[in-house]
Amino acid sequence: MKKLVLLALLGLIASVHAQPPVGGGIGKLTDTFLDFEDGQTVFGVLGEGGKVSVDKNKGIAKEGNAALRFDYPLAPGQFNSLMKTGQPGEASKLKSFRFWVKSDYATTLVFVLQEQDSGRHVALINTPKNQWQRVELSLDDFVLSTDANDPQDNNGRLDMDLVVAAALTDFKQFLINFDDENMRKLMGIKDGPHSFWVDDFEASREALPVAEVDPNEPPGTFLLDAFLRPQLSWAVMGDVLVKQVTEASLKEQGRAITLRGQGLQAEYRQQPGSLIGLVKPFRTGALKDMAALRFAIATEQPMTLLLQLEETSGGKYNTTVELPADNKPGEVRLVPMLFEQAEDSKDNNNRLDLSQVKHVSFIDITGFLGGAVADNVLWLSNLRVENKAP
């Protein structure tokens, strides 16, 4: 399997220092509610093919009569981003971002915070087709991007007093630049013009709630994803629709799924030669003391699930789990020794370094292994890490 670029190719934003401030700098966003009713875009465009405007067509806005619109081409060699630039210190007191977003097709958007002469921090936002998605991001929801083209961060954490740009772009603009056309097809990437809208944008000094770990968990256990925010924050590979669900919402769908808390639902087709993947990025070093990776999972069809841990060095380590069709999520516990080096791994020392792992991938390889064609629904919740006893 070729290397899947998951948080890469944001190098164009490195030119931000040469860009003039858009709309008065980052500071204008602080404690400001932008509903775009006054016709001011505030945000600008990074790239040559994008266009930003205020859309006042009837029925477009989430609230009121206007929303910010961004039009861009999805094509190899093209990269365009909605962006706001400013000066160091203007964003120093910000603790959260809240807004609504809508895309003309199901995709994953990337919210980027760029520090001056330092790191690039990203948060993923899964958006359904033609539906307004509520987004709430705390500073802890951003992950340092550590691919080859990314700038080095001076301390490995997000420093809001150094942030000089905020950007929002389509993640599939990165994936469409694969040289291998078969890989693009495998991942469901197609050329074409696209648009997304933003409404009621707020950058605030108010912090967001944090997830609480079940007190019955072993000491030191922490959540990689509690699915606490209204949006999902996963990279999606292949033709798959994802949405956040609760046990109540599943009952409304007529599904007898016993789900603990909130979780992720993925709908897709298992078919020969296909790969379906869900990738969760997190802070590098978060797994350094991991004794086990744990989660609850259920599937409508039997499946072979491949779990992959990838390091910043390019090392990739896999294990597989056979899952039966079941409407009750089963608990999976995977210890580090179960993960074996992948054939396409490019590790610098040929061993799993938990302190260097930057994301975990959940990949349905049933179709890739030649399984029968079937429509499947996957549920995932309570993704957490059990740490070693001190």
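Model, not experiment: these values are computed from the prediction.
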Starting at [atom1] of [X], measure out to [atom2] of [Y] and round the result to the nearest 0.5 Å.
X    : Y    : atom1 : atom2 : result
M303 : L323 : CE    : CG    : 5.5 Å
E310 : H359 : CD    : NE2   : 4.0 Å
E386 : L334 : CD    : CG    : 11.5 Å
S103 : D170 : OG    : CG    : 6.5 Å
Q114 : L46  : CD    : CG    : 10.5 Å
K95  : S204 : NZ    : OG    : 9.5 Å

Can you check whether [Y]'s main-chain N or O pairs, donor with acceptor, with [X]'s side chain at less than 3.5 Å?
X    : Y    : answer
D159 : V163 : no
Q231 : N126 : no
T320 : L305 : no
S96  : E206 : yes
R384 : N382 : yes
T169 : N80  : yes
N387 : G220 : yes
Y72  : G47  : no
S361 : I363 : no
K280 : S233 : yes

Out of curiosity, does [Y] fall in the hydrophobic cluster containing [X] (side-chain heavy atoms, cut-off under 4.5 Å, transitive links)?
X    : Y    : value
L383 : V332 : yes
W132 : V198 : no
V112 : L139 : yes
M290 : V321 : yes
F222 : V360 : yes

Compare all side-chain heavy atoms of [X] with those of [Y] and state whether any distance is below 4.5 angstrom.
X    : Y    : value
L158 : E115 : yes
Y317 : V357 : no
K56  : V54  : yes
L293 : L224 : yes
H121 : V143 : no
I125 : L168 : yes
F362 : I276 : no
P193 : D71  : no

Do you know which two heavy atoms are closest between [X] and [Y], and how far apart they sit?
X    : Y    : answer
Q133 : P230 : NE2-O, 3.0 Å
V242 : A266 : CG1-CB, 4.0 Å
S313 : D347 : OG-OD1, 3.2 Å
N154 : S118 : N-OG, 3.0 Å
P329 : A296 : CB-CB, 4.1 Å
L264 : V245 : C-CG2, 4.3 Å

Yes or no on side chain to side chain contact (heavy atoms under 4.5 Å, CB included) for F295 and L380, after CA distance, side-chain angles and deciding distance? CA-CA 7 Å; F295 52 91; L380 177 67; 3.7 Å; yes
If only side-chain N and O atoms count, and only distance matters, is there a donor-acceptor pair under 3.5 Å linking [Y] with [X]?
X    : Y    : value
N350 : Q341 : yes
Y268 : D239 : no
W197 : D104 : no
T312 : Q356 : yes
N376 : E300 : no
E322 : T304 : yes
S138 : R229 : yes
D364 : Q270 : yes
S355 : D353 : no
T299 : D326 : no

Describe, in one word, how the ring planes of F227 and W234 are oriented to each other, choosing from parallel (under 30°), tilted (30 to 60°) and perpendicular (over 60°).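 Ring orientation of F227 relative to W234: parallel.
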F79 vs F174 aromatic rings, parallel, tilted or perpendicular, using cut-offs 30° and 60°? parallel
Within a 6.0 Å radius of atom CG on D289, are there more than 12 heavy atoms belonging to other residues, nucleotides or ligands? yes
Report the residues that fulfil side-chain hydrogen bond (donor to acceptor under 3.5 Å, both in side chains) with D375, sequence neighbours left out, ordered by chain and then residue number. R269
Just checking [X] against [Y], ring centres under 6.0 Å apart?
X    : Y    : answer
Y105 : H194 : yes
F99  : F201 : yes
F111 : F142 : yes

Derivation of the side chain to side chain contact (heavy atoms under 4.5 Å, CB included) call for L109 and L124: CA-CA 6 Å; L109 300 180; L124 303 183; over 6 Å; no
Please test Q301 against L378 for side chain to side chain contact (heavy atoms under 4.5 Å, CB included), starting from the C-alpha separation and ending with a verdict. CA-CA 8 Å; Q301 300 290 341; L378 172 71; over 6 Å; no
Checking side chain to side chain contact (heavy atoms under 4.5 Å, CB included) between L68 and each of V42, L82, D199, D55, which is the one that passes? L82
Is any side-chain N of the basic residue among K62 and D200 closer than 4.0 Å to the acidic one's carboxylate O?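 No, no charged N to carboxylate O under 4.0 Å.
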Could you go step by step and tell me if E331 and R294 meet the salt bridge (charged side-chain N to carboxylate O under 4.0 Å, His left out) rule? CA-CA 7 Å; E331 179 74 14; R294 299 170 58 192; 3.4 Å; yes
Go through the steps for L74 and K172 under the test side chain to side chain contact (heavy atoms under 4.5 Å, CB included), then give the verdict. CA-CA 8 Å; L74 183 61; K172 288 185 179 177; 4.2 Å; yes
